[in-house]
Amino acid sequence: MGTASHNIATQSKTLPCEMTLENLTEFPEGRRVLTCIQCGTCAGTCPYGELMQYPPRRIIGMLRAGELEKVFTSDSLLECVACYACTAKCPRGIDLTGVLLPLIKEQVLLHLPVMPAELQKALENKLRYGNPMGESPRKRAAWVKTAGVPVRILSEDPRPAEVLWYVECYTSYHPRGQDNARATARLLHALGIDFAILGNEEKCAGECGRLSWERGLYNTLMEYNMLVFAKYQFKMIVTSCPHAYDAFRYRYPIVGFNYRISPVPPFFAQYLPQLKSILKRNLNYTVTYHDSCCLGRHNNLYEEPRALLRAIPGVKLVEMVHNRVNTICCGGGGGGMWLDTYYKTKGIERLSERRVKEAIATGADVLAVACPYEVSRFEDALKVLGHEKKMIVRDITELLAEAIEV
Amino acid sequence: MAESKDIDRNGVQIGVYVCHCGTNIAGTVDVKALTEYAATLPGVTMARNYKYVCSTPGQELIKRDIHELGLNRIVVAACSPCLHEKTFRNVVAEAGLNPYYFQMVNIREHDSWVHTDKRAATEKGKDLIRAAVRRVRLHKPLERKRVSINPAVLIVGGGIAGIHAALTMANAGKHVYLVERDATIGGHMAMFDKTFPTLDCAACILTPKMTAVKSHHNITLWTLSEVTQVDGYVGNYQVTIKHKPRYVIEDACVGCMECIDACVYKQAKVPDEFNMYLGKRKPIYIPFPQAVPQVVVIDRESCIEFKSGKCKKTCVEVCADRKAIDFKQQETTETIEVGTIILATGFFTFDAKRVPYYGYGIYPNVYTGLEVERLINAAGPTNGEVILRDGRKPQRVAIVHCVGSRDENTNRYCSRVCCMYSLKLAHLIKEKTEAEVFNFYIDMRTPGKGFEEFYNRVADEGTHFVRGRVADIYPNPGDGGRLLVCAEDTLMSTVRKIPVDMVVLSTGLEPQADAQDVRRRFHITCSTEGFFLERHPKLAPVNTFTDGVFLAGCCQGPKDIPDTVAQAGAAAAEALALIDIGYIEQEPNTAHVLEEVCSGCKTCIPLCPYQAISFAENKKKAEINEVLCKGCGTCVASCPSGSVQQNLFEDEQIFAEIEGLLAYA
């Protein structure tokens with residue numbers, strides 16, 4: 001714990017040399033683009049591959065031919081939702097989502113005559129308020145009053161904690177996200193875990209800032225959060241947001257982040273035997289689980305969420321046609337969360353709608369999710385398609401909490 | 001030529017030859033400076049440089065110098081000893097010296113090829129030559145030993161590779177033991193319908209060779225058998241073979257198959273391995289009509305007699321006086337002696353479930369190429385009709401190339417045969433069903449005799465070709481079980497989703513699941529992907545690093561039938577070459593124990609990779625079998641009392657070499 005603060009002091013001012021399009025091939029992971037065999041798996045698996053003028057395969061072709069300018073002046077990469085589908089299936093192991101596409105997106109953004117307003121607002125809000133909705137930072141921990149169990153806030157009670165729970169924006173502010181937050185708090189409490197949150201000191205981890213092209217914003221948030229972590233003592237971080245998990249696991253280490261980190265589902269999966277003894281209530285649901293891109297495809301956490309769902313009495317788990325590595329993104333990643341209006345004006349189908357059609361086809365009553373973007377996106381999609389009576393959307397934590405309340 | 005005035009007190013007169021190797025060495029190393037330097041070294045009578053020392057004039061030069069100048073030690077600074085050590089030892093021997101009065105210095109692979117700084121490379125060359133000069137003066141005359149070779153050969157695996165090698169050896173008059181682990185020989189080739197690119201019927205060309213194996217007086221064929229242990233060395237291997245029970249006495253069974261009809265199972269109920277589980281067989285069965293040997297086999301997992309002991313045994317009744325069925329048969333082992341071994345253990349087909357987004361094992365209409373081979377085959381589960389599991393004839397078929405090949409997530413290598421067998425299947429499916437066939441490929445690889453012409457023929461027949469790797473396969477909603485095959489057509493830059501009734505996954509070739517066990521048993525090595533490693537990828541493609549063990553067919557890497565047969569013939573020729581000379585000359589660089597120093601601690605015994613060391617109980621000392629010793633030096637280095645010495649690597653020779661290397665001039 002102590003070493004982290006030391007690292008911040010020495011590293012936060014001078015970030016290590018970052019990969020750019022110019023120095024791409026000097027990094028082993030960047031150099032991989034040279035091995036592309038132009039097989040088109042990326043375009044074929046991309047949820048918007050049919051629409052993209054420049055899918056990843058063509059971008060690599062243009063890059064190798066020295067004609068990237070044409071890609072920068074096309075807005076087709078705005079359709080990339082950073083879902084890792086291309087990366088997961090690439091037969092050459094090229095990290096498109098993590099390495100190449102964010103660099104291209106940054107240039108696409110710079111060349112856009114007009115930035116999509118919704119996205120611009122969200123990024124500005126992140127910088128000014130620490131959350132994309134533009135909510136007051138002073139209300140970030142307001143949900144705690146309705147949690148029903150004590151939730152310790154470190155700035156008020158800075159004693160060391162076992163677990164620092166990093167709640168994140170949608171879970172803190174969105175009404176349905178707060179349901180998830182309350183459920184998580186109850187589960188942590190029921191399991192007797194010594195946990196605390198940062199409260200109003202917490203700010204967005206910034207992952208979608210990076211994957212949606214704003215590197216500067218990302219670095220600012222990264223520096224801020226590292227300084228806050230250094231103020232307190234805890235054994236590990238557990239986060240409700242798979243995007244924050246990605247940020248902490250893959251990006252923050254370059255500024256010295258070396259805390260143990262886990263997303264919520266695998267964290268609770270460790271407590272399965274204890275959970276089973278308190279999961280008493282029979283829910284009698286047929287549930288289909290949507291693999292979030294970050295949790296599943298990017299981190300191979302496919303089985304832990306399912307194990308939690310199977311532990312609930314009366315839950316029958318059914319699978320959608322596209323599951324696990326083949327999951328379809330909810331459309332919220334890579335900035336897609338704030339491009340719905342833009343897609344609508346262009347007449348593009350929302351991925352959340354494509355996904356709930358598959359969920360409805362399973363005949364399930366509940367669409368279970370594990371990423372805070374998804375609850376609102378899927379509930380909205382169900383309404384738009386007129387399926388809101390057939391199916392409800394629940395975070396896994398909500399279902400677990402429901403099953404412990406007798 | 002540079003001459004030295006130094007005369008060695010022991011009469012040692014060393015000649016040093018520095019090779020230019022064209023510009024390979026001379027381009028980076030100052031060969032003239034090396035020569036002049038070498039001439040100044042103690043014991044060196046003469047030093048020369050020459051454009052190609054390995055050439056005939058180069059060799060003659062050495063011989064002449066030996067005669068005219070009375071040289072009695074030779075150092076050649078040239079390429080790797082792997083290439084020309086033998087050449088120069090022969091030169092030295094032909095000039096009348098002991099061939100081991102020679103030392104090779106590698107100034108190419110170890111110097112000129114790996115450095116760019118000419119000055120530094122030249123200095124390094126001097127150090128290497130100095131080390132060799134110091135060592136060679138301590139060399140002792142050594143003699144190669146000869147051991148006789150057993151003319152019998154063991155061939156492991158009864159696919160087309162093993163069959164072809166067996167027949168070649170047997171026709172040359174050698175006795176062959178052919179060991180096959182399944183109940184019949186024939187391997188994968190027996191499962192195919194037609195073979196590319198000529199569309200010969202696989203059975204028509206294979207089964208005559210299978211029966212020839214069975215009837216050949218020089219071949220002992222053992223099916224349901226496996227090699228469990230290999231001892232000995234080239235020319236004299238002792239091999240232990242395990243015979244698994246067939247529960248049918250091979251010599252008594254006449255292959256009438258009345259027992260199969262008589263089995264209490266009126267219907268075939270057991271999924272049939274030979275038909276890729278697409279058909280059913282009975283507990284007593286013959287794998288396929290032309291199986292060799294033509295003998296039934298009982299599967300104890302499904303046979304009622306084995307399960308309950310209460311079967312009516314109608315099979316035994318109908319077999320009557322022949323008394324071929326024996327439920328009490330036990331596993332047996334026997335040991336044979338052979339001089340050479342050919343491994344032809346074949347391949348394993350990639351498990352398509354490992355690419356989950358292709359839906360194999362989830363959607364019933366997704367098949368593997370080998371399954372479709374069985375559907376097309378007239379002796380297969382559908383009598384040659386290409387029909388789906390629900391009995392429908394497909395109208396549209398997708399063939400997906402590169403499944404489990406060319407993919408960082410599964411296998412990185414190209415499986416070589418899939419493009420061609422995909423084209424063959426496209427042709428056969430079209431012929432049988434008149435379906436519209438789509439081949440999804442990344443690159444079409446047809447580099448063989450008549451292969452490109454076959455590609456042209458299949459295209460001309462109207463097969464569609466989509467250049468793009470399939471990214472997703474899933475049911476088309478509301479299209480009666482049709483599957484959507486989704487890929488970018490990279491030549492059109494558009495994503496296509498093509499509805500089909502049937503998907504054929506062209507799965508790649510992998511090493512056998514137990515390749516690592518087999519590798520250890522035969523003391524050979526595997527390449528990174530797990531296929532058996534040949535001694536040299538170009539110049540020794542059927543040899544292994546173990547003398548007398550050869551490779552044939554797909555156990556060495558994916559290959560088609562023509563290449564497999566060619567390699568099997570080559571393996572047989574290599575084995576025959578060993579056998580026909582009648583003896584094996586062994587390198588004398590073996591280790592020996594200085595008995596007076598050995599404390600009998602046995603440290604060396606388990607370390608020897610060749611089981612060459614034993615413990616002499618009477619003397620309480622370690623003993624090294626010279627014939628088994630390969631001269632690896634492990635025992636020498638491990639001996640706590642320094643009692644193991646190795647010819648050509650004696651302590652004083654190694655120390656002299658090290659001192660030479662480290663003594664800056």
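Since the structure is predicted, the reported quantities are computational estimates derived from the model, not experimental observations. Just so you know, these numbers use all the heavy atoms, side chains as well, and skip hydrogens, waters and symmetry mates.
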Student: Tell me, please, which residues at least two apart from A:K346 pass salt bridge (charged side-chain N to carboxylate O under 4.0 Å, His left out).
Tutor: A:D75
Student: What is the distance from atom CG of B:L370 to atom CE of B:M276, rounded to the nearest 0.5 Å?
Tutor: 4.5 Å
Student: Quick check - list every chain A-chain B donor-acceptor pair under 3.5 angstrom, one line each.
Tutor:
residue: A:I37; atom: O; partner: B:R467; partner atom: NH2; Å: 3.1
residue: A:Q38; atom: O; partner: B:R467; partner atom: NH1; Å: 2.5
residue: A:Q38; atom: O; partner: B:R467; partner atom: NH2; Å: 3.2
residue: A:C39; atom: O; partner: B:R469; partner atom: N; Å: 2.8
residue: A:T41; atom: OG1; partner: B:R469; partner atom: NH1; Å: 3.0
residue: A:E50; atom: OE1; partner: B:K497; partner atom: NZ; Å: 3.1
residue: A:R57; atom: NE; partner: B:E488; partner atom: OE1; Å: 2.6
residue: A:R57; atom: NE; partner: B:E488; partner atom: OE2; Å: 3.3
residue: A:R57; atom: NH2; partner: B:E488; partner atom: OE2; Å: 2.9
residue: A:R57; atom: NH2; partner: B:S493; partner atom: OG; Å: 3.1
residue: A:K89; atom: NZ; partner: B:A471; partner atom: O; Å: 2.7
residue: A:C90; atom: O; partner: B:N409; partner atom: ND2; Å: 3.4
residue: A:P91; atom: O; partner: B:E408; partner atom: N; Å: 2.7
residue: A:R92; atom: NH1; partner: B:R406; partner atom: O; Å: 3.2
residue: A:H322; atom: NE2; partner: B:D472; partner atom: OD2; Å: 2.6
residue: A:N326; atom: ND2; partner: B:D472; partner atom: OD1; Å: 2.8

Student: Sort out for me which of A:C86, A:A43, A:C42 touches chain B most, counting heavy-atom pairs under 4.5 Å.
Tutor: A:A43
Student: Are a donor atom and an acceptor atom from the side chains of A:R249 and A:Y245 found within less than 3.5 Å of each other?
Tutor: yes
Student: Nearest 0.5 angstrom please: A:M52 CE to A:C46 SG, how far?
Tutor: 3.5 Å
Student: Could you state the interatomic distance from CG (A:L385) to OG (A:S352), rounded to the nearest 0.5 Å?
Tutor: 8.0 Å
Student: Mind checking the CZ-SG spacing from B:F347 to B:C555? Nearest 0.5 Å is all I need.
Tutor: 11.5 Å
Student: Between A:A88 and chain B, with a heavy-atom cut-off of 4.5 Å, which part of the residue counts as in contact: side chain, backbone, both or neither?
Tutor: backbone
Student: If you measure from CG on A:N299 to OH on A:Y250, what distance do you get to the nearest 0.5 Å?
Tutor: 3.5 Å
Student: Give, as side chain, backbone, both or neither, the part of A:V321 having an atom under 4.5 angstrom from any heavy atom of chain B.
Tutor: both
